[in-house]
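We count ligands from 1, going down the list as the structure has it; atoms in each ligand are counted the same way.
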Amino acid sequence: MKKGMTVFYEVDGALYVNLTNRCNNNCSFCIRKNGDGAYGSDPLWLEREPTEDEALAMLKNEKLDNYRELVFCGYGEPSIRLDLCKVIAKEVRRLRPDMPIRINTNGMSDLYFGRNTAPEYADFFDTVSISLNAPTAEKYEDMCHPVYHLSALPGILTFAKNVKNCVQNTVFTVVGDYLSADDIAACRNIADKLGIPLRVRTYIGPEN
Ligand code: SF4
């Protein structure tokens, strides 16, 4: 396994942010099982997590005008470092107020922090993209192996319902390659009930 300190990296004209390799899932389809990076990036395994000062210093070296969007995605679950995501988002808002900011999350920040985290997303992210992954708690556990077991999907759905009221552009995604047509239809049904759009994506790596 190759490691480095790649915190910011480019994917298709967007600036991606990698703050942690920690994750509360172990998904069967996780890109981290296939290599050390994504889209030809340098290794995204971190020698250690950047401190706030280090991340802000690295951000200073990036020319934000060159990118269409800032995306917290990482090589791990970004919401585990939600406070640092907010610090970076705030700084990007100051430096380039028109830059869209998205977080790609597994939706488990409530479960991780043990509180309703949705209101904390309001001022920092233009888009919250939540990986729905599966239509039932059992199928979610089979596919994603969450540390919260069968509590994972209900917790994600509660977070999604709440964050939608804080960030209008909240979306669900599923990886179509890993689901049957019936499961995709069931995911769509869940999304429709919550009034959240569902995007069925092809597996090519971290969501973009
Ligand atoms: S939630 Fe994302 S980073 Fe975590 S194991 Fe699943 S695909 Fe990998």
Given a cut-off of 2.8 Å, the protein N, O or S atoms lying below it from atom 4 (Fe) of ligand 1 are C23 SG

Ignoring hydrogens, tell whether any protein atom lies closer than 4.0 Å to atom 2 (Fe) of ligand 1; use the non-hydrogen atoms only.
no

Compile the donor-acceptor pairs under 3.5 Å between side chains in residues 146-157 and protein atoms, sequence neighbours left out, one pair per line.
{"from": "Y148", "atom 1": "OH", "to": "N24", "atom 2": "ND2", "distance (Å)": "3.4"}
{"from": "H149", "atom 1": "ND1", "to": "E141", "atom 2": "OE2", "distance (Å)": "2.6"}

N/O donor-acceptor pair under 3.5 Å between E62 side chain and L64 backbone
no

For the residue pair Y75 and W45, does the interplanar ring angle fall in the parallel (under 30°), tilted (30 to 60°) or perpendicular (over 60°) class?
perpendicular

Partners of D126 by salt bridge (charged side-chain N to carboxylate O under 4.0 Å, His left out), sequence neighbours excluded?
R93

Measure up the F125 and F72 rings against each other and bin them: parallel (under 30°), tilted (30 to 60°), perpendicular (over 60°).
perpendicular

For residues 185-197, dump all side-chain donor-acceptor pairs below 3.5 Å to protein atoms at least two apart in sequence or in another chain.
none

